[in-house]
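Structure record follows, encoded as structure tokens.
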Amino acid sequence: MIAASPTVHLFGSYAPTIADILIVKQYFKLLSIPLPDELVDYIIDAASYWAHTSLTVKGRLVARADEDPDKMYMRTLPLAVYGTEGDFLLDNENLQEEGFVLGGLPPTDQEWAAPSRIKSFRKIEFQLWSHDQGWGGDHGCRGTYNGAYSWFDASVERLCSTSCFMGSIEWPPSLLFTAADALNLPDDITFTQKEVKHPFLPSPSTLQKNIVAERQTTHHIVIWTDLDDVEEGSPEAIAAGKRGQGWKSYDGSFVRDLQVGDCITLWMRARFPGWTNDAVKAKITVFWAV
């Protein structure tokens, strides 16, 4: 089993566990006048005191427009399922044959609580380390995101049913790296929503473009929230374009539409002869309300 590893947070940063959140909620019940659940949830949300899961993948992968222009770099574990809370790191040194043990019941009800709200997911943070082929592109676009044909997209893959998590199951590690259509999946793991769109050009939903003609690896951080509400043509949409991101990726729908058990898939794209997307590392962190 590949387990989550504890993380040391510096400079006052702290990521609460679900157990921490449940304890804080109980504190509000100890007040002389206990707060109603709705107000407690509002306070917890206002403090961004959320549970999270993160998956970091280290390993070079190149999408080449001439050979394989659409490549999957990684897929998260099923979101907000018991066994997926915390921070996971996968690279050539710790990628094991045995899978992740997910689902079932925790030892006590003070350690885990499934999301109870209809819209529970609050934020996704993507971190990408990548670059393009390091040459080419229009001369006036070099060093910018204009005219970039090397980029990333994100998609959601939904399980046919989450009933498989009523008991403990082994989640195949191959699912973190391989397109679902290419796998022989166990009978109780079936995706009903898969990546089917391969846009020929960067779309309004583009996650992140690479800088044009940049040989050095660039670290991009992209944050989407359930409160995003960017409209086409707005100053925020224009600013997103200047950062190499599609304006529609900031309309909030991606986060708001997430469901328990969903997986987020990171796709690499490259178009036109000579263009590549060269990724060396990626991290996806998802936060949800308990």
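Quantities reported herein were computed from a predicted structural model and do not represent experimental measurements.
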Decide if atom [atom1] of [X] counts as having more than 12 heavy atoms of other residues, nucleotides or ligands within a radius under 6.0 Å.
{"X": "Ile118", "atom1": "CD1", "result": "no"}
{"X": "Tyr42", "atom1": "OH", "result": "no"}
{"X": "Glu111", "atom1": "CD", "result": "yes"}
{"X": "Arg60", "atom1": "CZ", "result": "no"}
{"X": "His139", "atom1": "NE2", "result": "no"}

So, the side chain of [X] versus the backbone of [Y]: is there a donor-acceptor pair under 3.5 Å, distance only?
{"X": "Arg122", "Y": "Ala289", "answer": "no"}
{"X": "Asp68", "Y": "Ala63", "answer": "no"}
{"X": "Asp66", "Y": "Gly274", "answer": "yes"}
{"X": "Thr217", "Y": "Trp129", "answer": "no"}
{"X": "Lys119", "Y": "Arg256", "answer": "yes"}
{"X": "Asp228", "Y": "Thr225", "answer": "yes"}
{"X": "Lys123", "Y": "Trp50", "answer": "no"}
{"X": "Thr53", "Y": "Thr84", "answer": "yes"}
{"X": "Asp138", "Y": "Gly140", "answer": "no"}
{"X": "Glu236", "Y": "Trp247", "answer": "no"}

Output the distance between atom [atom1] ([X]) and atom [atom2] ([Y]), rounded to the nearest 0.5 Å.
{"X": "Ser54", "Y": "Leu77", "atom1": "OG", "atom2": "CG", "answer": "10.0 Å"}
{"X": "Trp151", "Y": "Arg269", "atom1": "CH2", "atom2": "CZ", "answer": "7.0 Å"}
{"X": "Ser253", "Y": "Leu258", "atom1": "OG", "atom2": "CG", "answer": "9.5 Å"}
{"X": "Lys281", "Y": "Met74", "atom1": "NZ", "atom2": "CE", "answer": "11.5 Å"}
{"X": "Ser161", "Y": "Met166", "atom1": "OG", "atom2": "CE", "answer": "9.5 Å"}
{"X": "Lys283", "Y": "Lys58", "atom1": "NZ", "atom2": "NZ", "answer": "10.5 Å"}

Do [X] and [Y] make a side-chain contact, defined as non-hydrogen atoms from C-beta onward lying under 4.5 Å apart?
{"X": "Phe121", "Y": "Asp226", "answer": "no"}
{"X": "Leu266", "Y": "Ile284", "answer": "yes"}
{"X": "Trp288", "Y": "Leu79", "answer": "no"}
{"X": "Lys209", "Y": "His220", "answer": "no"}
{"X": "Asp41", "Y": "Asp45", "answer": "no"}
{"X": "Val286", "Y": "Ile264", "answer": "yes"}
{"X": "Lys242", "Y": "Tyr145", "answer": "no"}
{"X": "Glu85", "Y": "Trp112", "answer": "yes"}

Set out, in order, the CA-CA distance, both residues' side-chain angles and the distance that settles side-chain contact (heavy atoms from CB on, under 4.5 Å) for Phe165 and Leu102, then state yes or no.
CA-CA 7 Å; Phe165 300 119; Leu102 307 180; 4.2 Å; yes

For the pair Asp278 and Arg64, find out whether any cationic side-chain nitrogen is under 4.0 Å from an anionic carboxylate oxygen.
no

Do Arg158 and Asp262 meet the salt-bridge criterion of a basic N to acidic O distance under 4.0 Å?
yes

Minimum heavy-atom separation for [X] and [Y], please, with both atom names.
{"X": "Ser130", "Y": "Asn277", "value": "CB-OD1, 4.0 Å"}
{"X": "Arg215", "Y": "Gly134", "value": "CG-CA, 3.4 Å"}
{"X": "Asp153", "Y": "Thr206", "value": "OD1-CA, 3.4 Å"}
{"X": "Ser155", "Y": "Trp267", "value": "OG-NE1, 3.1 Å"}
{"X": "Leu35", "Y": "Lys29", "value": "O-NZ, 3.4 Å"}
{"X": "Tyr73", "Y": "Gly59", "value": "OH-O, 2.6 Å"}

Please evaluate residues Val212 and Asn146 with respect to the criterion side-chain contact (heavy atoms from CB on, under 4.5 Å), reporting the C-alpha separation (whole Å), side-chain torsions for both, the decisive distance (0.1 Å), and the verdict.
CA-CA 7 Å; Val212 175; Asn146 298 327; over 6 Å; no

Under 4.5 Å between side-chain heavy atoms, hopping through other hydrophobics if needed: is there a path connecting [X] to [Y]?
{"X": "Ile18", "Y": "Val260", "value": "yes"}
{"X": "Phe287", "Y": "Val255", "value": "no"}
{"X": "Leu61", "Y": "Trp275", "value": "no"}
{"X": "Leu128", "Y": "Val62", "value": "no"}
{"X": "Leu39", "Y": "Phe28", "value": "yes"}

Can you find a side-chain donor-acceptor pair between His131 and Gln216 that sits under 3.5 Å?
no

What I want to check is whether the side chains of Tyr14 and Asp20 have a donor and an acceptor closer together than 3.5 Å.
yes

Side chain to side chain donor-acceptor pair (under 3.5 Å), paired with His52, selected from Thr285, Asp87, Thr17
Asp87

Walk me through whether Leu176 and Phe100 qualify under side-chain contact (heavy atoms from CB on, under 4.5 Å).
CA-CA 11 Å; Leu176 302 177; Phe100 299 81; 3.4 Å; yes

Are Lys248 and Glu232 close enough, and set up right, to give a side-chain contact (heavy atoms from CB on, under 4.5 Å), and what steps lead you there?
CA-CA 7 Å; Lys248 191 170 177 56; Glu232 185 176 10; over 6 Å; no

Does the ring centre of Tyr149 sit less than 6.0 Å away from the ring centre of Phe200?
no

Please state whether the rings of Trp224 and Phe126 are parallel, tilted or perpendicular, taking 30° and 60° as the class boundaries.
perpendicular

